[in-house]
Amino acid sequence: MSGAAGWERPEEWPQERPEERQRVVPPASPVPSVSGRSPPSRDPRDPHLRIPALGQGGVLQELVLADGQPPAPGISEEQRQAQEEWEALEEIQSGLGGTSGTPPPPISFSEALQHFQSAELPCSRGSARAPARRGVLAALLRCLGGPPRLRPQLRGEQELALAMAQCALDDSERVHMRILQTIYRQLTRSRLGCPRYGAHWEELGFQGADPGTDLRGTGMLGLMQILFFVLDSRTLPLAREIFQLSQHETQNFPFCIMSVNITRIVIQALQEERLSRECNRRQQVIAVLNDLYAAAFLRLSRLWEQQHGTVANAGFFLKELELSTKKKPRQLLKSLEAYLSRGLRPPSPPSSQIHFSSICDPGVELEGDA
């Protein structure tokens, strides 16, 4: 993938001798290659651009100056400008807000969730409450078997989920960048990081070079649900199976865009109190949202395969999925339970209630299989 591989010196370039380096005329910008051949003109923001390390042998090595040190005697103005250009290119290549090029470390779901629990989110959690059904008709429908209200002790967790859905991706938040990097590594099986912007995000199913532009309506909750999907040991095989389906020659679809649409459906189901009964039964909200998200993605992938879905009729599949998610969430969850029970390892016995601060940790079994 772009930005993941290091720059390699072409084999045909001759190895220069130390005495040859001393005779090199200070280059003008852009710096020509050691072989005397000018590199092809490339857009610095091209994610496929490979930037050589400044410490390698040749002219580039002579341009290296320690930060804050004045130019050494004999360093021309052209050499100084060339050095600054290479440093600027390194910063673009890293895409992580620094010149080191070192990607942030992966993050677990529980660590990311704890960050949002303690963070000052853009909107007040109190203002993120789900719209309540009011009036005599709503009360009558509830008495006739309509969805129950969410228990008061779960309102805080519901508000957190809705507040995350209103939180935009922020380049200055290191946790946000770690979430992006972890999703990229898990889906691509890469051990390396990737630039913040670039065409590699389109390969994962975003519409453009910036994933943040596709999160309207779901915010960071959209990324958190993908993070859960690719980190939980039970759902990771399913996530990769669906991602592989999204790369199909004729049945391909944008994986991450489809994921964001599923998160949007889950948020609507929560706001309309379609999930209150299941949340009350399990005494959890975010864990229910994540399991329902995985169950809906499983449902979509099966319909897509069986009915030979294409991007042209994706709207039809999403509409069907919205109806089944809101009207039969329990049935979807049972389908996910059946799928997971046929996995490589037997399902774990029912665990005790998981405390809110540690739900959905990659190493913790969720209670969505009951």
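Taking the ring centroids of His200 and Phe206, they lie at or beyond the 6.0 Å cut-off. A centroid separation of less than 6.0 Å is found between the aromatic rings of Phe297 and Phe255.
Of the possible polar contacts, none joining the Asp214 side chain to the Ile257 backbone as a donor-acceptor pair under 3.5 Å is found. Looking at Arg178, its side chain never comes within 3.5 Å of a backbone N or O of Pro104 through a donor-acceptor pair. Put simply, the side chain of Ser276 gets close to the backbone of Pro148: a donor and an acceptor are under 3.5 Å apart. Using modelled atom types, no side-chain atom of His176 and backbone atom of Leu169 make a donor-acceptor pair closer than 3.5 Å. At distances below 3.5 Å, at least one donor-acceptor pair connects side-chain atoms of Ser108 with backbone N or O atoms of Glu111. In terms of modelled atom types and a separation under 3.5 Å, the side chain of Asp291 and the main chain of Val288 share no donor-acceptor contact. A distance-only check finds no donor-acceptor pair linking the side chain of Trp201 to the backbone of Asp210 [under 3.5 Å]. Without hydrogens or angle criteria, Arg189 side chain to Gln186 main chain gives no donor-acceptor distance under 3.5 Å. In terms of modelled atom types and a separation under 3.5 Å, the side chain of Asp171 and the main chain of Arg196 share no donor-acceptor contact.
Under the 4.5 Å side-chain heavy-atom criterion for grouping Ile, Leu, Val, Met, Phe, Trp and Tyr, Phe316 is connected to Leu298 within one hydrophobic cluster. Hydrophobic cluster membership is shared by Leu303 and Leu300, with clusters built from Ile, Leu, Val, Met, Phe, Trp and Tyr side chains linked at under 4.5 angstrom. Residues Leu323 and Leu275 are members of separate hydrophobic clusters, defined by side-chain heavy-atom contacts under 4.5 angstrom among Ile, Leu, Val, Met, Phe, Trp and Tyr.
At least one side-chain heavy atom of Ile286 sits under 4.5 Å from a side-chain heavy atom of Phe109. Arg185 has its side chain out of reach of Arg191: every pair of non-hydrogen atoms, C-beta onward, lies at least 4.5 Å apart. With a 4.5 Å cut-off on side-chain heavy atoms, Leu223 and Leu227 do not count as touching. Between Met258 and Leu318 there is a side-chain heavy-atom pair separated by less than 4.5 Å. Looking at heavy atoms from C-beta onward, Thr213 lies out of side-chain contact with Gln207 at the 4.5 angstrom threshold. By the 4.5 Å heavy-atom criterion applied to side chains, Ile107 and Leu231 are not counted as neighbours. A heavy-atom distance below 4.5 Å is not found between the side chains of Thr182 and Ile179. Under the 4.5 Å side-chain criterion, counting only non-hydrogen atoms from C-beta, Asn261 is in contact with Arg264.
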Item to check | Full working for side chain to side chain contact (heavy atoms under 4.5 Å, CB included) between Phe229 and Leu238 | outcome: CA-CA 8 Å; Phe229 203 31; Leu238 174 61; 3.9 Å; yes

Checklist entry - Checking side chain to side chain contact (heavy atoms under 4.5 Å, CB included) for the pair Leu245/Phe253: CA distance, chi angles, key distance, verdict? => result CA-CA 8 Å; Leu245 174 62; Phe253 59 87; 3.9 Å; yes

Checklist entry - Can you list the steps and then say if Leu221 with Gln225 is a side chain to side chain contact (heavy atoms under 4.5 Å, CB included)? => result CA-CA 6 Å; Leu221 183 62; Gln225 293 214 298; 4.3 Å; yes

Checklist entry - Going through the checks in order, is the side chain to side chain donor-acceptor pair (under 3.5 Å) test met by His248 and Ser246? => result CA-CA 6 Å; His248 191 274; Ser246 74; over 6 Å; no

Next on the checklist: For a side chain to side chain contact (heavy atoms under 4.5 Å, CB included) check, start with the C-alpha distance between Val230 and Thr235, then their side-chain angles and the critical distance, and finish with the verdict.
Outcome noted: CA-CA 7 Å; Val230 301; Thr235 59; over 6 Å; no

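Note that CD of Gln244 and CG of Asn252 are 13.0 Å apart. Values are rounded to the nearest 0.5 Å. Rounded to the nearest 0.5 angstrom, Tyr293 OH and Ile226 CD1 are separated by 5.0 Å. Rounding to the nearest 0.5 Å places CG of Leu321 at 11.5 Å from NZ of Lys319. Of the inter-residue distances, the one linking Gln181 atom CD with Arg174 atom CZ reads 9.5 Å to the nearest 0.5 angstrom. Annotation: the span from Glu203 atom CD to Cys194 atom SG amounts to 10.5 Å, rounded to 0.5 Å. Atom CG of residue Leu292 and atom CZ of residue Arg274 lie 12.5 Å apart, to the nearest 0.5 angstrom.
Closest approach of Cys279 and Leu154 over heavy atoms only: O-CD1, 3.5 Å. The heavy-atom pair separating Glu320 from Arg299 by the smallest distance is OE2-NH2, 3.0 Å. Heavy-atom minimum distance, Ala209 versus Pro211: O-CD, 3.8 Å. Minimum heavy-atom separation, Leu336 to Ala294: CD2-CB, 4.1 Å. Of all non-hydrogen atoms in Leu204 and Tyr184, the two that sit nearest each other are CD2-CA, 3.9 Å. Minimum interatomic distance between Met220 and Ala168 (heavy atoms only, all atoms of both residues): CG-O, 4.0 Å.
Exactly one residue among Gln284, Glu278, Gln283 makes a side chain to side chain donor-acceptor pair (under 3.5 Å) with Arg281. That residue is Glu278.
Residues satisfying the side-chain hydrogen bond (donor to acceptor under 3.5 Å, both in side chains) test with Gln331, not counting sequence neighbours, are none. Under the rule for a side chain to side chain contact (heavy atoms under 4.5 Å, CB included), the partners of Gln306 that lie at least two apart in sequence or sit in another chain are Arg302.
In this structure, Glu337 does not pair ionically with Lys334, as no charged nitrogen and carboxylate oxygen lie closer than 4.0 Å. Looking at Glu159 and Arg155, no side-chain N of the basic residue comes within less than 4.0 Å of a carboxylate O on the acidic one, giving no salt bridge.
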